Amino acid sequence: MTAGLTWQQLRDVKLSGLDDVADGWGTVSSRAGAAHDQVQSEMTGALKKTQESESATAAVSRIQRLERNFQYTQTECGLVRTLLNGLASELAAPQRKLKDALADAESLKFTVESDGSVTYTHTPAVPFAPGRGTATPGAPVPLLPGVAEGGADINKGKAEDIAQRIADALSEAGVTDARYASALRKLKAPPGIDVTDAMLTDAASDTAAVAKATSEFLDKNSIPHGKSPAENKKWWDSLTPEQQDEYSTVYPHEIGALDGIPSTVRDDANRMVLAETHAKVRQQLDSLGKEPPKMIANPYGSYPVAITNPAWQTWHDGGGDKLRTQLKGMDAIQSRFDKTGENGLPDAYLLGFDLDGNGHAILANGNPDTAQNTAVYVPGTSSKLESFGGDVSRMLAIWREGHAKDPGESLSTITWLGYDAPQNIVTDSPQKHFAYDGAPKLNQFLDGLQSAQGGADASHTTVIGHSYGTTTIGAAAQKGDLAADDLVVVGSPGMLVGNADDLDVGKDHVWSEAGRTDPVPLLGKSVGLGGYEWGVSKWNGIPYDAGYIQNIPSDEAFGAHRMDVDTSGHSDYWNNGTESLKNQAFVVVGQYSRVSED
């Protein structure tokens, strides 16, 4: 029998009462989440828009602190709710076993003692004087006077069975109770109104502890892995609202990455992952101390004059550079959150986030699940979490321009850094595997959007690619299953096909922009990212034979709509007020007749 838990306690505990208390914590969690969203979307942006002063800046800082409070409250209360629901659920089975054993004892007129042993009446097979006996699991029951040696007793076995069932029920309940109690004790917050980095890091630890404690109640393995977005959606829709909240709270990484489920759900999960990850990375960076000077004078006075500072090398080897770049990317995401409401900007939705490799993030302006027009931007060479802010700004420009062109329809513009982009234009960009590796992930995401939106006709979807991002789009659009209506390719080095008709959307829905001073399209022809090549001799992969032919989207022979461009270079296509930006926006909102073509 388990020390500390009696059979009377297990019998009398009202599991429905635990569920009621859990519901109360769930209500607090839900209200905190709603308050967090409201504060961010209605207060911060409005204050920034209407007030410019030191006091306004201080007020925004306090409001942002309130946002963190609500976010932290939502998570911690959600964890308590999940623990209480899980405890009630897992105690139900041993309680039922106990009550069944007690009912059997009562029907046989046995007595269950306070320690769980069972006292019963001897009933020998041959008439002898009656006696009493006690059955305790694992202990022999001596024959009492009146029972002959070797005489059968039909109640002995029954009493031993009941005593063992009581002990098993208590043991099972005791193990469960201890497991949940350990996790519940961790859910404590220090006094004060500041949610510190240490508290957020601790929240991540709390979540891991709750996941371990509730592993039998919430089966992590039931979360779809490697399934289609339609299957993901089917699983999600099969859960009760309470189960959906619990999975989101306990497994935010997995739920936030699940294509096909509602964007609001993914956003809530990923925001908590972002907050906890940001706190952890900042703590790690702070622990390294301030970055020392990289170079110092040679202390030996010999050549070279300057050498690498050993203190800087230690800082660098400890991950200082990487941690700092990770923070820069995460700060860019938070900066977009903080802009909500400014000049009419819609809510932002974080649809994906992780620090794997160079980091990944997917950020939407406006809810794509309800948008009548959706644009998904795929960045190119050198894209990574560190530079995510620049990619986000381009899709903010598309949102503003598209919203101005058609204010009556809802619009969502998404920055999709969901693949590992090449990082070096010389050594990486000529390689096709980056595109072929990223293509399935892009297709999966687009299919997920379509599933969450309610089908292929629910939203007009445009995929916009820049530079090598167009190559990734080309790899994704060759298999007949790209969930998009239009493709806009900007500064493309090639799409791995030689003709627009080879892309899923058909040549009438392929749109190209290439500035005359943009060197990348020409570079793409030279390294072979187009569709055809023959009669070619190469040295170190560079063709030098005049017989080399390579069609790219900016070539007339490719067959795409070639849109007017009034910008220069490779990165100015999204400058405000330009024809380059306006033409992209016209495609995004489906106003094809207003596109100016070359």
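Keep in mind that this is a model prediction, so the values were computed, not measured. We use all heavy atoms of the structure for the numbers below, so side chains are in, but hydrogens, waters and symmetry mates are not.
Looking at Ser412, its side chain does come within 3.5 Å of a backbone N or O of Gly366 through a donor-acceptor pair. Counting only distance, with no hydrogens or angles, the side chain of Thr413 and the backbone of Met395 share a donor-acceptor pair below 3.5 Å. Judged by distance alone, with hydrogens and angles left aside, the side-chain atoms of Ser215 form a donor-acceptor pair with the main-chain N or O of Lys212 at under 3.5 Å. A side-chain donor-acceptor contact under 3.5 Å links Gln244 to the backbone of Trp236. Of the possible donor and acceptor atoms, one in the side chain of Asn443 sits under 3.5 Å from a partner among the backbone N and O of Ala476. The backbone N or O of Phe217 lies less than 3.5 Å from no partner atom in the side chain of Thr214, so there is not a single donor-acceptor pair. Not one N or O on the side chain of Gln453 forms a donor-acceptor pair closer than 3.5 Å with the backbone of Ala371. For the pair Ser29 (side chain) and Gly26 (backbone), a donor-acceptor distance under 3.5 Å is absent. Between the Asn232 side chain and the Leu258 main chain, no donor and acceptor come within less than 3.5 Å of each other. Looking at Ser107, its side chain does come within 3.5 Å of a backbone N or O of Asp104 through a donor-acceptor pair.
Going from atom CG of Asp420 over to atom OG1 of Thr472 covers 10.5 Å, rounded to the nearest 0.5 Å. Atoms CD and CG, on Glu386 and Asn358 in that order, are 9.0 Å from each other to the nearest 0.5 Å. To the nearest 0.5 Å, atom CG of residue Leu102 and atom NZ of residue Lys99 are 9.0 Å apart. To the nearest 0.5 Å, the span separating CG on Asp12 from CH2 on Trp7 amounts to 8.0 Å. Note that NZ of Lys188 and CG of Asp202 are 10.0 Å apart. Values are rounded to the nearest 0.5 Å. Interatomic distance, Trp315 CH2 to Leu285 CG, rounded to the nearest 0.5 Å: 6.0 Å.
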Worked verdict on Ile261 versus Ile255 for side-chain contact (heavy atoms from CB on, under 4.5 Å): CA-CA 8 Å; Ile261 68 172; Ile255 299 303; 3.7 Å; yes
Passes side-chain contact (heavy atoms from CB on, under 4.5 Å), Gln164 versus Asp168? Steps please. CA-CA 6 Å; Gln164 189 62 56; Asp168 290 344; 3.0 Å; yes
Determine, step by step, whether Asp161 and Arg165 satisfy the salt bridge (charged side-chain N to carboxylate O under 4.0 Å, His left out) criterion, reporting the C-alpha distance in whole Å, the side-chain angles of both residues, the deciding distance to 0.1 Å, and the verdict. CA-CA 6 Å; Asp161 175 67; Arg165 286 158 58 195; 3.2 Å; yes
Using the side-chain hydrogen bond (donor to acceptor under 3.5 Å, both in side chains) rule, take Asp354 and His253 through it: C-alpha gap first, then chi angles, then the decisive distance, then the call. CA-CA 8 Å; Asp354 65 63; His253 291 268; over 6 Å; no
Under the side-chain contact (heavy atoms from CB on, under 4.5 Å) rule, what do Phe337 and Glu67 come out as? Steps first, then yes or no, please. CA-CA 11 Å; Phe337 291 160; Glu67 289 176 25; over 6 Å; no
Where do Leu449 and Val376 land on the side-chain contact (heavy atoms from CB on, under 4.5 Å) test, with the steps shown first? CA-CA 10 Å; Leu449 279 183; Val376 179; 3.8 Å; yes
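Lys339 and Ser335 share a side-chain donor-acceptor pair at under 3.5 Å. When only modelled atom types and interatomic distance are considered, Thr196 and Asp194 share no side-chain donor-acceptor pair under 3.5 Å. At a cut-off of 3.5 Å, with distance as the only test, no side-chain donor of Asn69 or His36 sits close to an acceptor on the other residue. For the residue pair Asp347/Thr340, the side-chain donor-acceptor check at 3.5 Å is not satisfied. Side-chain contact of Thr374 with Ser459: a donor-acceptor pair under 3.5 Å is present, judged by distance alone.
Counting only heavy atoms from C-beta outward, the side chains of Tyr419 and Leu442 never approach each other to under 4.5 Å. By the 4.5 Å heavy-atom criterion applied to side chains, Val265 and Ser248 are counted as neighbours. Between Ser238 and Gln243, every side-chain heavy-atom pair lies at or beyond the 4.5 Å cut-off. By the 4.5 Å heavy-atom criterion applied to side chains, Asp331 and Arg282 are not counted as neighbours. Counting only heavy atoms from C-beta outward, the side chains of Leu98 and Ile166 approach each other to under 4.5 Å. Using a 4.5 Å heavy-atom cutoff, the side chains of Lys14 and Asp20 are not in contact. Counting heavy atoms from C-beta on, the side chains of Pro190 and Met199 come closer than 4.5 Å. Inter-residue side-chain proximity for Val210 and Thr207 is flagged as unmet; no heavy-atom pair is nearer than 4.5 Å.
Of the charged side-chain nitrogens involved, at least one lies within less than 4.0 Å of a carboxylate oxygen, so that Arg266 and Asp259 count as a salt-bridged pair. Between Arg68 and Asp197, at least one side-chain N (NZ, or NE/NH1/NH2) sits under 4.0 Å from a carboxylate O, which counts as a salt bridge. Taking the charged nitrogens against the carboxylate oxygens, Asp100 and Arg96 have no contact shorter than 4.0 Å, which rules out a salt bridge.
For Ala169 against Leu10, the heavy-atom pair with the smallest separation is O-CD2, 3.9 Å. When all heavy atoms of Asp206 and Lys186 are compared, the pair lying nearest together is OD1-O, 3.4 Å. Closest heavy-atom contact between Pro252 and Val273: CB-CG2, 3.7 Å. Here the closest heavy-atom approach between residue Ala203 and residue Met272 is recorded as CB-CE, 4.3 Å. In plain terms, the two heavy atoms of Leu288 and Gly319 that are nearest each other are CD1-C, 4.2 Å. Here the closest heavy-atom approach between residue Arg336 and residue Ala348 is recorded as CZ-CB, 3.8 Å.
Heavy-atom contacts from other residues, nucleotides or ligands closer than 6.0 Å to CH2 of Trp25 number 12 or fewer. Environment of CZ in Arg11: crowded, with over 12 heavy atoms of neighbouring residues, nucleotides or ligands closer than 6.0 Å. Other residues, nucleotides and ligands contribute at most 12 non-hydrogen atoms within 6.0 Å of the CG atom of Asp457. Under a cut-off of 6.0 angstrom, the local environment of CD in Glu106 is sparse, with at most 12 non-hydrogen atoms contributed by other residues, nucleotides or ligands. No more than 12 heavy atoms of other residues, nucleotides or ligands lie within 6.0 Å of NZ in Lys227, so this atom counts as exposed by the packing criterion.
For the side chain to side chain contact (heavy atoms under 4.5 Å, CB included) test, residues two or more places apart in sequence or in another chain that qualify with Thr176 are Leu87, Glu90, Leu91, Arg179, Tyr180. With sequence neighbours excluded, the residues that form a side chain to side chain contact (heavy atoms under 4.5 Å, CB included) with Asp391 are Tyr377, Pro379, Ser383, Arg394, Thr415. Partners of Ala22 according to the side chain to side chain contact (heavy atoms under 4.5 Å, CB included) rule, which considers only residues two or more places apart in sequence or in another chain, are Arg81, Leu84, Asn85.
Ring planes of Trp235 and Tyr247: perpendicular class, angle over 60° (limits at 30 and 60°).
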